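Written below as structure tokens is the structure these notes are about.
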Amino acid sequence: GLEESLKKKHFADTGKVPPPSTHIEQEKPINPPEAFGPVSQGQFLASMGIVQRVEKQIEADSTTDEQAFELYSALERLLAPDQMGERYKVLAIARKKEGLFPPAGF
């Protein structure tokens, strides 16, 4: 098996002869990473607040009508299922960390 092969390799490299009761234990990760997703790009961006951010920018006094239209068109392209919203997926791999878990958007 794997354990026997590892023993042979280790002792072959060192030139030592393994004792008959040699046992190799595998260490278990203390905080193993976890996978989140995949979720659609549209779902991810919406959960991150993109709609509210675009609305705020569109409503800003400094935003022109042309800029507002461009912002709305870009938002639609990013979120619409028939455009980028469902075509692209988001996946996160993270370790548990107080206050940052699960990762934002999942």
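Everything numeric here is computed off the predicted structure, so don't read it as measured data. Note: hydrogens, waters and symmetry copies are ignored here, and every other heavy atom, side chains too, is used.
The CD atom of Q57 lies 10.5 Å from the CD atom of E59; values are rounded to the nearest 0.5 Å. To the nearest 0.5 Å, the span separating CZ on F44 from CG on L79 amounts to 12.0 Å. Atom CG in L78 sits 10.5 Å away from atom OH in Y88 (nearest 0.5 Å). For the atom pair CZ (R53) and CE (M48), the distance works out to 6.5 Å, reported to the nearest 0.5 Å.
The list of side-chain hydrogen bond (donor to acceptor under 3.5 Å, both in side chains) pairs with a residue in residues 68-82, not counting sequence neighbours, is empty.
The environment of E66 atom CD is sparse: at most 12 non-hydrogen atoms of other residues, nucleotides or ligands sit within 6.0 angstrom. For K89, the NZ atom sits in a packed shell: over 12 heavy atoms of surrounding residues, nucleotides or ligands are nearer than 6.0 Å. No more than 12 heavy atoms of other residues, nucleotides or ligands lie within 6.0 Å of CG in D65, so this atom counts as exposed by the packing criterion.
Inter-residue side-chain proximity for E34 and R95 is flagged as unmet; no heavy-atom pair is nearer than 4.5 Å.
Note: F101 and F36 have perpendicular aromatic rings, judged against thresholds of 30 and 60 degrees for the angle between ring planes.
Residues G85 and S40 share a closest heavy-atom pair of O-CB, 3.2 Å. When all heavy atoms of I58 and T63 are compared, the pair lying nearest together is O-CB, 3.9 Å.
Distance alone, capped at 3.5 Å, is enough to place a donor-acceptor pair between the Q67 side chain and the T64 backbone. K97 places no side-chain N or O within donor-acceptor distance of the main-chain N or O of A94, the cut-off being under 3.5 Å.
F69 and L75 are not part of a single hydrophobic cluster, where members link through side-chain heavy atoms under 4.5 Å apart.
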